[in-house]
Visitor: 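Submitted below is the structure of interest, expressed as structure tokens.
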Amino acid sequence: MVEADSRINAIQGLIDELHQRYLSLEDGAPANYIPELAKADPRDFGIVIATVDGRLYQAGDAGKSFTIQSISKPFVYGLALKLLGPECMVAKVGVEPSGEAFNAISLDPTTGRPRNPMINAGAIATTAQIACRDPENAEATVLDFFAQLVGRRLGIDDAVFRSERATGHRNRSIGHLLRNFAIIETDPELSLDLYFRQCSIQVTCRDLAIMAATLACQGRNPFTGARPLSPDITRRVLALMASCGTYDFAGQWLHDVGMPAKSGVGGGILAVVPGRLGIAIYSPPLDSLGNSVRGIAVCNELSGRLGLSLFNQYPQSSSTVRRSYTAARRQSRRWRSPPDREALRASGQRIRVVHVQGILDFAALERLVAELAASLAEARVLVLDLAHVIELPAESAELLAQQLTLFQGRGLEILLSRSAHLDLEGVRLALGQEPETLFCPDLDQSIERAENLFLALWNGDPSGGASAHENAFSQGFLSQLNPTYRQRVAACLERRDFAAGETVIRRGDPGDELFLVHHGRFTATIQLQDGYGRPLESRLATFGPGMCFGEIAFLSGQRRTASVASDLEGGCLVLSRPDFDQLRRSDPEAMNELLLALICDVGQKLSLTSHQLTQMEHL
Ligand code: GLN
């Protein structure tokens with residue numbers, strides 16, 4: 001858990017300031033209709049904010065225990081929805097605000113159904129469903145559930161429980177009335193006992209803030225990662241907290257504070273800013289409606305000062321598209337023959353690479369679709385890089401599938417890069433593609449595949465544009481040599497063949513040979529570290545026919561820094577150090593010519609590499 005320090009954190013400073021200021025607000029009194037609650041110390045006062053990123057800001061009595069009381073209601077209702085399903089619960093308890101006090105005996109005159117699960121009648125009916133379902137284990141089930149919500153096991157305050165059981169005649173009468181209407185179908189005393197026990201669960205202000213943050217996080221505890229509630233149930237619970245959570249004060253509350261909230265006569269109150277944070281306040285003195293006086297005041301001020309009302313949310317402005325560029329600006333690490341390089345440079349706008357980021361909810365997806373539609377006019381291939389997409393909600397996945405299908409129908413080839421963390425099976429099925437042709441775990445390889453697709457279209461060559469223009473002698477390195485010297489250099493080269501996957505150069509070995517690709521494809525890789533310090537093998541370059549590799553270590557006399565392997569079955573023309581030395585002695589003019597060609601080759605590579613490197617900064 002991350003805790004803030006007010007000396008260096010202004011948000012912590014604000015919480016401390018509110019705590020300090022509202023300490024002197026001394027209106028109200030602790031509940032006394034449950035005798036044990038009247039013993040609470042009116043000076044107790046804690047404020048905690050918990051964010052969906054798992055950060056805590058706390059002031060005052062953040063760790064002092066008190067009984068949860070009615071704040072248990074929305075959570076136990078969530079548990080009932082989870083165990084029994086919405087259809088079953090709707091038959092027992094309504095979802096309409098009652099406009100009455102928390103302990104009103106407010107049942108539908110014909111069905112006997114309580115108006116909502118936030119008033120006592122609805123909460124007792126809700127608890128009864130859990131109690132009747134499995135009387136033996138009901139309490140353990142409730143406590144296990146609260147342990148997940150909070151991230152620690154909670155106890156029950158036995159004194160408060162007995163105090164309420166002994167004096168809770170009004171709740172008892174509600175329970176029997178519910179039995180009369182068959183909303184409770186067994187002995188109501190069992191359900192009432194469980195209800196009184198659930199109200200006597202001991203929590204701290206910090207626990208309540210974490211519970212509120214769990215609701216803010218669609219039912220996932222952001223501190224532990226546990227998911228006690230589904231997003232759908234959380235949505236239902238929050239809606240009821242908004243409309244009924246503060247009883248007959250709910251309208252004013254929503255108008256002023258604008259957050260789903262729930263209070264308890266133990267002095268706790270929690271409020272939720274969905275998707276953002278949870279707030280909890282503990283202060284036992286209550287107003288005439290049974291809400292914590294300081295709790296209401298602090299929530300009001302926090303909402304106003306921090307702009308937290310649900311009805312005052314900023315339009316989402318962060319960009320969904322992190323970067324967008326064409327292949328004219330960024331190429332794969334596969335070195336291309338000069339004609340292919342030229343084709344990619346001249347028509348690179350036919351390949352568009354779009355990096356998407358964030359949570360792709362509807363608003364983000366709508367923005368993505370608009371930006372794609374605007375940028376794809378000339379494109380034939382789209383690489384959608386999803387590495388920085390945090391979440392793709394199911395509803396959005398469906399829309400994305402439909403959108404990509406529309407693009408595909410208009411002749412666009414689609415590749416999805418770095419998307420293994422997302423469920424895109426629906427998208428794949430909609431596009432009717434095999435996983436190997438749609439998904440690619442590596443961005444560089446996705447771009448290479450996009451280039452291949454484009455070059456195949458460009459060259460009218462379905463093989464992937466590999467060799468139409470490539471020939472070791474007519475286009476490649478050797479063609480740079482004057483024909484008279486070319487033969488003399490070629491005579492020193494020894495042909496060597498490799499199987500697919502065979503190692504050609506090993507990192508750390510001496511650089512005693514220079515390679516010229518005759519046929520096939522050869523990939524140089526270096527070892528890097530990923531963000532977690534784990535070794536990561538990354539491609540440096542892939543060479544095709546006519547290109548030379550291994551020259552850096554060969555010329556500098558240093559050891560190999562990269563490994564090279566043969567991607568396919570392939571062959572190279574190899575110049576060994578002894579033959580190179582021999583040529584230097586016997587044919588200085590040819591050697592001169594060879595060195596010039598090598599300098600030229602290295603210069604070209606350097607120029608392309610540094611150009612790309614610089615370009616990358618501006619993508
Ligand atoms: N246990 C209390 C009761 O039923 C809970 C009421 C409340 O917190 N509003 O009276």
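Atoms within a ligand are numbered from 1 in the order they appear, just like the ligands themselves. On a predicted model such as this, the values are computed, not experimentally measured, just so you know. We're numbering straight along the sequence, starting at 1.
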Visitor: Going by an N to O cut-off under 4.0 Å, is there a salt bridge joining Arg418 and Asp385?
Guide: yes

Visitor: For Asp61, is there an ion pair with Arg43 - N to carboxylate O distance below 4.0 angstrom?
Guide: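 No, Arg43 and Asp61 are not salt-bridged.
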
Visitor: For residues Phe66 and Tyr282, establish whether the separation of their ring centroids is below 6.0 Å.
Guide: yes

Visitor: Could you work out, for atom 2 (C) of ligand 1, the closest of Gln69, Lys262, Met118, Gln198 by heavy-atom distance?
Guide: Gln69

Visitor: Does ligand 1 have an atom that lies less than 4.0 angstrom from a heavy atom of Asn120?
Guide: yes

Visitor: Report yes or no: do Arg534 and Gln529 form a side-chain donor-acceptor pair below 3.5 Å?
Guide: no

Visitor: Does Glu189 CD have over 12 foreign heavy atoms under 6.0 Å away?
Guide: yes

Visitor: Can you check whether Val265 has an N/O within less than 3.5 Å of an N/O in ligand 1?
Guide: yes

Visitor: Cut-off 3.5 Å, side chains only: do Gln20 and Asp16 have a donor facing an acceptor?
Guide: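 No - no donor-acceptor pair under 3.5 Å links their side chains.
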
Visitor: Heavy atom under 4.0 Å from ligand 1: found in Tyr195's side chain, backbone, both, or neither?
Guide: side chain

Visitor: Using a 4.0 Å heavy-atom cut-off, which part of Cys199 comes near ligand 1: side chain, backbone, both, or neither?
Guide: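 Contact part for Cys199 vs ligand 1: side chain (C-beta onward).
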
Visitor: Output the list of atoms in ligand 1 that are nearer than 4.0 Å to some heavy atom of Asn171, sorted by atom number.
Guide: 3 (C), 4 (O), 10 (O)

Visitor: Answer side chain, backbone, both or neither: which part of Arg170 comes under 4.0 Å from ligand 1, heavy atoms only.
Guide: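 No part of Arg170 comes within reach of ligand 1.
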
